[in-house]
Amino acid sequence: MGRRLAAEGLGTALLLAVVIGSGIMGVRLSGGNVAIALLGNTLATGAGLMVLITMFGPISGAHFNPAVTLALAMRRAIKPPAAGAYIAAQVAGAVAGVWLAHAMFAEPILQVSAKVRDGPAQALSEFVATFGLLATLFGVHRFRSDFVPVAVGLYITAAYWFTASTSFANPVVTIARSLSNTFAGIAPSSAPLFIAAQLVGAVAAAVIFGWLLQERKSS
């Protein structure tokens with residue numbers, strides 16, 4: 001369990017370092033072109049996810065996301081005490097990853113985002129983003145488990161662009177990004193709406209794909 005929690009914490013920290021760091025770099029190099037900055041942020045995040053899931057998946061399952069952990073707990077793939085420990089490791093890792101990105105770019109370590117992301121369209125986007133992420137995990141793991149890292153990376157790459165919220169799809173990512181007043185940030189006042197939509201999306205995916213992917217009983 002110690003190694004599993006270390007893998008979850010370290011993997012989540014590296015994921016947030018990728019998300020925040022690539023956002024800062026994208027803004028610095030894009031000359032004010034937001035589309036180019038978002039493209040750089042997108043490609044780095046999708047590629048980083050592929051590598052991190054491949055690296056840490058055999059150790060902890062590479063959740064890096066309380067929505068994933070809770071959905072797996074609903075499916076009894078992880079016990080509640082272990083799920084709680086995973087989520088604690090993810091939170092700690094996510095905050096550490098944000099601070100690491102700030103340090104690498106000589107930004108103030110402690111920040112609070114001022115980027116407001118409110119409204120029903122944003123909430124719907126986060127529901128769809130999280131539902132799609134869990135659908136990808138469950139479906140691909142069932143039929144092509146070796147392809148999960150690539151599938152998740154590709155899904156997030158696409159979801160950055162087809163959702164209005166740019167697909168956070170992760171409660172600890174949302175919390176951590178509220179601590180960064182940079183391109184990838186979200187105001188703390190906007191975070192509860194995102195987190196609620198993400199959790200609802202995760203539960204919906206767990207229920208629907210639990211039914212869709214159930215094994216047929218032989219007669």
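What's counted below: heavy atoms across the whole structure, side chains too, no hydrogens, waters or symmetry copies. All figures in this text were calculated on a predicted structure; none of them were measured in a lab.
- For the side-chain hydrogen bond (donor to acceptor under 3.5 Å, both in side chains) test, no residue two or more places apart in sequence or in another chain qualifies with Asn65.
- Identified under the side-chain hydrogen bond (donor to acceptor under 3.5 Å, both in side chains) test for residues 166-176, with sequence neighbours left out: Thr174-Gln198.
- Every side-chain hydrogen bond (donor to acceptor under 3.5 Å, both in side chains) that Tyr160 has, sequence neighbours left out, goes to Thr45.
- The two atoms that bring Gly119 and Leu193 nearest to each other are O-CD2, 3.6 Å, heavy atoms only.
- Both Ile208 and Tyr155 sit in one connected hydrophobic cluster of ILVMFWY residues. Membership requires side-chain heavy atoms under 4.5 Å apart, directly or through other members.
- Rounding to the nearest 0.5 Å gives a distance of 10.0 Å between CG of Leu124 and CD of Gln122.
- Partners of Gln111 under the side-chain hydrogen bond (donor to acceptor under 3.5 Å, both in side chains) rule, at least two apart in sequence or in another chain, do not exist in this structure.
- Contact annotation: the side chain of Leu134 never approaches that of Phe209 to less than 4.5 Å [non-hydrogen atoms, C-beta and beyond].
- As a member of the Ile/Leu/Val/Met/Phe/Trp/Tyr network built from side-chain separations under 4.5 Å, Met74 groups with Val203, Val207.
- In this structure, Val91 shares a hydrophobic cluster with Leu70, Ile87, Val172, Ile175, Ile195, Leu199, the cluster being traced through Ile, Leu, Val, Met, Phe, Trp and Tyr side chains under 4.5 angstrom apart.
- Residue pairs that meet the ring-ring contact (aromatic ring centres under 6.0 Å, His included) test with at least one member in residues 53-100, sequence neighbours left out, are His63-Tyr86.
- The backbone N or O of Ala169 sits less than 3.5 Å from a side-chain atom of Glu126, completing a donor-acceptor pair.
- Annotation: side-chain contact (heavy atoms from CB on, under 4.5 Å) contacts of Val200 (sequence neighbours excluded): Phe127.
- Taken to the nearest 0.5 Å, the CD1 atom of Ile109 stands 10.5 Å off from the OG atom of Ser180.
- Shown here are the side-chain hydrogen bond (donor to acceptor under 3.5 Å, both in side chains) partners of Asn181, two or more places apart in sequence or in another chain: there are none.
- Here the side chains of Pro188 and Val112 are in contact, with some heavy-atom distance below 4.5 Å.
- Counting all heavy atoms, side chain and backbone alike, Gly185 lies closest to Ser113 at C-OG, 3.4 Å.
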**Q.** Stepwise side-chain hydrogen bond (donor to acceptor under 3.5 Å, both in side chains) check, Glu8 with Ser60
**A.** CA-CA 6 Å; Glu8 280 298 297; Ser60 68; 2.7 Å; yes
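- Not one N or O on the side chain of Arg117 forms a donor-acceptor pair closer than 3.5 Å with the backbone of Ala191.
- Counting only residues at least two apart or on different chains, the ring-ring contact (aromatic ring centres under 6.0 Å, His included) pairs with a member in residues 177-200 are Phe168-Phe194.
- Applying the salt bridge (charged side-chain N to carboxylate O under 4.0 Å, His left out) rule to pairs touching residues 96-110 yields Arg28-Glu107, sequence neighbours excluded.
- In this structure, the side chains of Gln90 and Pro66 come closer than 4.5 Å at one or more pairs of heavy atoms.
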I'd like a table of donor-acceptor pairs (distance under 3.5 Å, sequence neighbours excluded) in which one partner is a side-chain atom from residues 15-26, with atom names and distances.
{"unit_1": "Ser22", "atom_1": "OG", "unit_2": "Val18", "atom_2": "O", "d": "2.6"}
{"unit_1": "Ser22", "atom_1": "OG", "unit_2": "Val19", "atom_2": "O", "d": "3.4"}
{"unit_1": "Ser22", "atom_1": "OG", "unit_2": "Asn41", "atom_2": "ND2", "d": "2.7"}

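- Formation of a donor-acceptor pair under 3.5 Å by the Ser190 side chain with backbone atoms of Ile186 is not found in this model.
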